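Being a predicted model, the structure only gives us computed values, none of them experimental. First listed ligand is number 1; within each ligand, the first listed atom is number 1. All values below were derived from every heavy atom in this structure, side-chain atoms included, with hydrogens, water molecules and symmetry-related copies excluded.
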Amino acid sequence: MPERVLICGAGVAGSIVAFYLGKADFQVTVVERSKAEQKAGQGIEIEEPALSVVRHMGVLDTLESVKTGEEGAEFVDQRSRSYGIFKAGGISPTGELELMRGDLTEVLYKAADAHLNVTYLFETTIQSLRQTQDKVIVDLAHRPTRSVKTEEFDLVVGADGVKSRTRQLAMGSPEELNCFKAVGAYTAYFSIPKQDQDWPYSRLCHFPGRKVVWMRPVSKASDVTSVYLIHVGKNVPALSRANAVGDRMKQKEALAELYSGLGWEVPRVIEEMLKAENFYSDELMQVKLQKWSQDRVVLVGDAAWAPTPFTGEGNQLAIMGAHVLAQEISRYRSSAAFDAYEKRLRAYVEDAQNIPLGGYAPYIFVPQTSLGVWVFRTLIYLGSWIVRFIAWRGMPDGSDQQHKEFDLQIEKDETKKAR
Ligand SMILES: Cc1cc2nc3c(=O)[nH]c(=O)nc-3n(C[C@H](O)[C@H](O)[C@H](O)COP(=O)(O)OP(=O)(O)OC[C@H]3O[C@@H](n4cnc5c(N)ncnc54)[C@H](O)[C@@H]3O)c2cc1C
């Protein structure tokens, strides 16, 4: 009988592991607590080396066809005056392959689900988990019917995000593991009705008090625009309380209070945020664990190492990590794979978790005072002209060297198959 693997979470990491294990003839079950693959979220980007994984999966063309088409990022002041434009790619906040998170998870889900030996169970979660010498016994709870089914698996993969239930059940609570490291910032993502000025550039406006509002196009045809609110700060009690209990209305009210009285398009953004359905907000936390596995249970993606958006690596690492994990499971076909996976990836992940500029990047890029915002704008203004000059002269801007090297061993797999 083929080995049975349970994957908890049909996000980015979960569906990539499912795709590759399905391809390697494992019997795969994916449980996802949402009604369908988790489509919530706003824009995320894929660049090398993670791009090689989606290319290898054969989904790059499909992803290209659903990319947002954002042409670049424009920095504006409170009176909508532009002081710097960066075209997509290179050092621009706009990557070359910008996607809506929901489009990415849908494409990955469809690719994995095409394998007959991969089964998705929605509105289902792991209720409890026991490990014996040679298997993992799991109680799977199906929310709509309130039924619980006990099943046995050879291996369990926790791909269930920052607040991973798999991690909690197999290793202990975040407090016991001391694995949450707050970076001192809050964020919220949501969609609002689109207006003409929202296309084709994303627009960022900085405000004193360490606040940013970033509006991003979803696509030319879409009738909505994506919004990110970012606040660098450690103490917003009302927001912390709302985040702790996941109360969306209270989160929105606390954000409305925090952003009240600001200029630019903030009144429009806040008014629409209060009505937004696709809304997500939380305090930014990194996950740092001593070990990513416990016997027959292993973690991947944000569940194992969430790096926060300040690193720009969350999605990259989830894609690469899922590929490496599935590759090692396919090679070893046992939990011995987990040490090999961690050995290959840990140093890369720890390096990627470093917040740029010695951890001060959020404070430098999101200034506290009006003077700080003015200095920041002046630097962006000069920087945008330097980038334009470099592009005009056809000089290399270093962007092709900015991807960190990592050997995904894709070629090795292909050679083995060809033999
Ligand atoms: C709702 C949401 C919106 C996001 N929006 C953005 C965004 O706009 N921009 C950005 O840069 N990053 C966003 N992220 C984070 C980004 O998706 C991740 O950093 C990155 O893609 C790593 O993915 P992952 O697969 O490890 O984890 P995640 O993307 O967090 O996926 C985890 C999956 O596990 C499921 N899950 C969680 N708990 C359980 C459980 N107990 N049982 C079953 N299933 C469970 C979740 O529903 C989800 O499908 C978002 C994440 C989520 C969950």
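- Close approach of ligand 1 to Ala318 (heavy-atom distance below 4.0 Å) involves ligand atoms 22 (C), 23 (O).
- In Glu257, the CD atom is not crowded: 12 or fewer heavy atoms of neighbouring residues, nucleotides or ligands sit closer than 6.0 Å.
- Both the backbone and the side chain of Glu32 come within contact range of ligand 1, each with a heavy atom under 4.0 Å.
- Ring geometry, Trp305 versus Tyr341: the interplanar angle falls from 30° to 60°, so the pair is classed tilted.
- Within the 4.0 Å heavy-atom criterion, neither part of Pro309 lies near ligand 1.
- Close contacts of ligand 1 with Gly9, meaning ligand atoms under 4.0 Å from a residue heavy atom, involve 33 (C), 34 (O), 35 (C), 44 (N).
- Side chains of Ser52 and Glu48: a donor-acceptor N/O pair is present below 3.5 angstrom, by distance only.
- A donor-acceptor pair shorter than 3.5 Å can be found between the side chains of Gln251 and Asn243.
- For ligand 1 and Ile44, the ligand atoms under 4.0 Å from any heavy atom of the residue are 9 (N), 10 (C), 11 (O), 12 (N).
- Every pair passing side-chain hydrogen bond (donor to acceptor under 3.5 Å, both in side chains) that includes a residue from residues 202-213 is listed here, sequence neighbours excluded: Glu70-Ser202, Asp198-Arg203, Ser202-Trp214, Arg203-Glu265.
- Taking a 4.0 Å cut-off on heavy atoms, Gly43 registers as neighbouring ligand 1.
- Ligand 1 has an N or O atom lying under 3.5 Å from an N or O atom of Ala13, backbone or side chain.
- Close approach to Thr125 involves these atoms of ligand 1, each under 4.0 Å from a residue heavy atom: 40 (C), 41 (N), 42 (N), 43 (C).
- Interface atoms of ligand 1 facing Ala159, defined by a heavy-atom separation under 4.0 Å, are 32 (C), 33 (C), 34 (O).
- Annotation: Val12 places an N or O atom under 3.5 Å from an N or O atom of ligand 1; distance criterion only.
- Residue-to-ligand polar distances place Asp302 within reach of ligand 1: an N/O pair is separated by less than 3.5 Å.
- The atoms of ligand 1 that sit less than 4.0 Å from any heavy atom of Gly301 are 26 (O).
- Ligand 1 does not have Leu104 within reach: every non-hydrogen atom of the residue lies 4.0 Å or more from it.
- Atom NZ of Lys291 sits in a crowded spot, with more than 12 heavy atoms from other residues, nucleotides or ligands closer than 6.0 Å.
- In summary, of the residues considered (Leu51, Val12, Val53), a side-chain contact (heavy atoms from CB on, under 4.5 Å) with Ile46 occurs for Leu51 alone.
- Remark: ligand 1 atoms within the under-4.0 Å shell around heavy atoms of Thr124 are 43 (C).
- When the heavy-atom distances from atom 16 (C) of ligand 1 to Glu45, Arg101, Gln127 are ranked, the shortest goes to Arg101.
- For the pair Lys252 and Phe279, the cation sits on the ring face: its NZ or CZ lies under 6.0 Å from the ring centre, inside 45° of the axis.
- Around atom OH of Tyr381, no more than 12 heavy atoms belonging to other residues, nucleotides or ligands sit under 6.0 Å away.
- Interface atoms of ligand 1 facing Arg165, defined by a heavy-atom separation under 4.0 Å, are 41 (N).
- In this structure, Arg333 forms a cation-pi arrangement with Phe26, its terminal cationic atom sitting closer than 6.0 Å to the ring centre and no more than 45° off the ring axis.
- Counting heavy atoms closer than 4.0 Å to ligand 1, residue Cys8 contributes side-chain atoms (C-beta onward) but none from N, CA, C or O.
- A 6.0 Å sphere centred on NZ of Lys149 holds no more than 12 heavy atoms belonging to other residues, nucleotides or ligands.
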